[in-house]
K.L.:
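The structure's right below; bear with me while I get my questions together.
Only this structure's heavy atoms are used, side chains among them; waters, hydrogens and symmetry mates stay out.
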Amino acid sequence: KRADCRAIAKMMRDATGKRAKMWGAAIVGYDQYDYKYASGRSGTFIITGFSPRAKNISIYIMPGFSEFASLMKKLGKHKTGKSCLYIKKLEDVDNKILARLIKESVQIMRRRYS
């Protein structure tokens with residue numbers, strides 16, 4: 001799992017050009033954006049990141065997955081939440097597709113929150 005996390009970290013560094021920053025105790029984040037809801041609530045969060053968990057690795061694809069249907073079909077064995085991609089190990093997925101997914105999601109977030 002450690003080698004998987006190093007490889008994912010490299011994909012995220014390549015996509016963002018930024019170094020890792022810890023967000024809380026468990027999320028390794030790359031770059032950040034500021035958001036503000038209609039209610040007035042605002043905050044700052046990661047543009048992309050990951051968290052090594054006991055059962056899987058959570059990869060944060062912040063725009064969600066609706067814009068990535070074709071990539072998701074080619075990715076390999078995974079599960080998703082709203083903005084989380086869950087993989088058990090890196091060999092379960094196509095690493096080139098994963099790197100592209102991360103890169104494109106970063107580009108979308110930067111356009112939305114520049």
Side-chain angles (χ1 to χ4, degrees):
K1 193 174 246 185
R2 189 171 292 178
D4 288 355
C5 289
R6 277 196 295 271
I8 292 166
K10 181 175 180 346
M11 289 178 201
M12 293 186 173
R13 270 194 319 273
D14 290 348
T16 63
K18 304 286 184 178
R19 297 182 65 76
K21 178 182 168 188
M22 289 303 297
W23 289 71
I27 297 175
V28 181
Y30 292 82
D31 210 350
Q32 63 187 36
Y33 70 100
D34 297 314
Y35 61 87
K36 187 169 186 175
Y37 295 121
S39 67
R41 182 175 168 251
S42 62
T44 302
F45 200 58
I46 59 173
I47 283 184
T48 193
F50 70 95
S51 182
R53 309 280 182 179
K55 286 188 169 188
N56 51 46
I57 301 169
S58 300
I59 300 171
Y60 298 93
I61 305 296
M62 297 313 296
F65 301 98
S66 62
E67 298 179 57
F68 303 113
S70 64
L71 288 178
M72 299 308 289
K73 288 178 188 173
K74 301 175 195 172
L75 183 60
K77 190 176 176 182
H78 69 277
K79 292 182 180 179
T80 59
K82 185 173 181 178
S83 294
C84 285
L85 173 67
Y86 303 103
I87 62 171
K88 293 218 183 273
K89 53 191 181 291
L90 206 47
E91 68 186 38
D92 288 343
V93 297
D94 183 320
N95 285 229
K96 287 181 182 171
I97 298 294
L98 178 59
R100 187 170 158 201
L101 177 65
I102 292 166
K103 183 179 180 180
E104 289 184 17
S105 75
V106 167
Q107 291 169 347
I108 288 169
M109 291 302 290
R110 286 182 172 162
R111 278 196 304 271
R112 285 185 188 167
Y113 296 94
S114 60

K.L.:
Hey, does Met109 have a side-chain heavy atom less than 4.5 Å from the side chain of Pro63?
P.N.:
yes
K.L.:
Does any part of the side chain of Val106, heavy atoms only, come nearer than 4.5 Å to the side chain of Lys103, both counted from C-beta?
P.N.:
no
K.L.:
Quick one: does Tyr33's side chain get under 4.5 Å of Arg110's, heavy atoms only?
P.N.:
no
K.L.:
Regarding Glu67 and Arg111, does a basic nitrogen lie under 4.0 Å from an acidic carboxylate oxygen?
P.N.:
no
K.L.:
Answer yes if Tyr86 and Leu71 sit in the same cluster of Ile, Leu, Val, Met, Phe, Trp and Tyr residues linked by side chain heavy atoms under 4.5 Å apart, and no otherwise.
P.N.:
no
K.L.:
Could you check Thr80, Ile97, Ile108 and say which one makes a side chain to side chain contact (heavy atoms under 4.5 Å, CB included) with Phe68?
P.N.:
Ile108
K.L.:
With a 4.5 Å cut-off on side-chain heavy atoms, are Asp31 and Ile46 touching?
P.N.:
no
K.L.:
Does any non-hydrogen side-chain atom of Leu98 lie less than 4.5 Å from one of Leu85?
P.N.:
yes
K.L.:
Taking the side chain as everything from C-beta on, heavy atoms only, tell me whether Val93 gets closer than 4.5 Å to Lys77.
P.N.:
no
K.L.:
Measuring only between side-chain heavy atoms, which start at C-beta, is Ser42 closer than 4.5 Å to Tyr37?
P.N.:
no
K.L.:
So Tyr30 and Phe50, would you call those rings parallel, tilted or perpendicular, with 30° and 60° as cut-offs?
P.N.:
parallel
K.L.:
For a 4.5 angstrom cut-off between non-hydrogen side-chain atoms, does Tyr113 reach Ile47?
P.N.:
no
K.L.:
Using every non-hydrogen atom in the two residues, find where Lys88 and Lys55 come nearest and quote the distance to one decimal.
P.N.:
NZ-O, 3.8 Å
K.L.:
Less than 3.5 Å apart, any donor N or O on the side chain of Ser51 or Arg53 sitting next to an acceptor on the other?
P.N.:
yes
K.L.:
Which heavy atom in Gly64 sits nearest to a heavy atom in Ser83, and how many Å separate them?
P.N.:
N-OG, 4.1 Å
K.L.:
Restricting to non-hydrogen atoms, name the atom on Tyr60 and the atom on Cys84 that form the minimum distance, rounded to 0.1 Å.
P.N.:
CE2-SG, 3.3 Å
